[in-house]
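From a predicted model like this one, the values you see are computed outputs, not experimental measurements. This chain uses plain numbering: 1 for the first residue, then up along the sequence.
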Amino acid sequence: MKRLNDFFRKKYMWSITFGLALCILSTLVLLDAFVFPKAYSVVDSNKEDIQQNVNIVNADKTSDIDIVNIDKKEITDNSYKDDNVDISIEKVEKNGVVFYVADVKLSDISYLKTAFAKNTFGKNITETTSTIAKENQAIFAVNGDYYGFRDTGIIIRNGILYRDNPRKAPDNDSLIIDEEGNLKIVQEGEVTGESLIEEGVLQSFSFGPVLVNDGEIQQISTTVSKRENPRTVTKSI
């Protein structure tokens, strides 16, 4: 005990000890926020129901576009067509930027589904878009939002409300898709998850800020990314 008291009597020892404790606490907070996975609920997906569906798949990593090979209907390297689904993909190079334009036509909104990484709603649970697509036998898949790296946001998937904790402005944009296939941008905090469900919203993607809306470039005040970062643009017709 005497040695411990002598230790803390030394100059700067309290400051050094407090600094170390603060560093350890900060590290644990960062690991909890961005590294340690947490499962809140496991989704029991019926793969027979979604086998022939077009899936917009949520993944917390990558932005690749994938067509899963299916031995049926009309399929090429950049297209798929059956009685209910018609997809064509075009690679475009413009101003030094390479991007893909996918034209997706569905006979019914039920052919558009979402899936979580590892079929689990949680935090820091990641899986590549291509892996999720194969596990859910998707025809076409793109990444969704980054819901799993935070605890806020309105999260609706396939008509089920998983989270109703709106973010604060200005980073509170959410893309919703209703049962008619309409796409719309709403601000979390101005609407609730329950009200969106009542309106027939099937999917919501808690993202932002909106870069382009109705063909107009939006003025943003926050930093989107300090490095090159792929983005997905969606338009309904």
Hey, are the side chains of [X] and [Y] touching, using non-hydrogen atoms and a 4.5 Å cut-off?
X	Y	result
L112	Q203	yes
L202	I109	yes
N172	Q187	yes

What's the spacing between [X] [atom1] and [Y] [atom2] if we round to 0.5 Å?
X	Y	atom1	atom2	result
F140	I89	CZ	CD1	5.0 Å
K118	I132	NZ	CD1	9.5 Å
S204	I197	OG	CD1	8.0 Å

Sequence-distant partners of D108, salt bridge (charged side-chain N to carboxylate O under 4.0 Å, His left out), two or more places apart: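 Here no residue qualifies.
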N/O donor-acceptor pair under 3.5 Å between R150 side chain and T152 backbone: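 It does hold such a pair.
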Side-chain ion pair, R167 and E188, N-O less than 4.0 Å: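 A salt bridge is present here (some side-chain N lies under 4.0 Å from a carboxylate O).
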Ionic contact status for D145 with R157, cut-off 4.0 Å: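 Counted as a salt bridge, because a side-chain N and a carboxylate O are separated by less than 4.0 Å.
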Minimum heavy-atom distance between K105 and D103, given as atom pair plus value: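 Closest approach of K105 to D103: CE-OD2, 3.5 Å.
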G189 versus P166, closest heavy-atom pair with distance: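 For G189 versus P166, the nearest heavy atoms are N-CB, 3.3 Å.
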Residues clustering with I217 (ILVMFWY side chains joined when closer than 4.5 Å, directly or via others):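 Traced through the cluster, I217 reaches no other member.
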Selection residues 164-189 - residue pairs positive for ring pair (Phe, Tyr, Trp, His ring centres under 6.0 Å), sequence neighbours left out: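 Qualifying pairs, neighbours excluded: none.
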Residues which pass side-chain contact (heavy atoms from CB on, under 4.5 Å) with E194, listed by chain and number, not counting sequence neighbours: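 Applying side-chain contact (heavy atoms from CB on, under 4.5 Å) to E194 gives L161, D164, T192.
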Below 3.5 Å, can you tabulate the donor-acceptor pairs from side chains in residues 177-185 to any protein atom, sequence neighbours excluded?
residue, atom, partner, partner atom, Å
D178, OD1, E180, N, 2.9
D178, OD1, G181, N, 3.1
D178, OD1, N182, N, 2.9
D178, OD2, N182, ND2, 3.3

Partner set under ring pair (Phe, Tyr, Trp, His ring centres under 6.0 Å) for F121, not counting sequence neighbours: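 Partners of F121 by the ring pair (Phe, Tyr, Trp, His ring centres under 6.0 Å) criterion, ordered by chain and then number, come out as Y40, F116, Y147, Y162.
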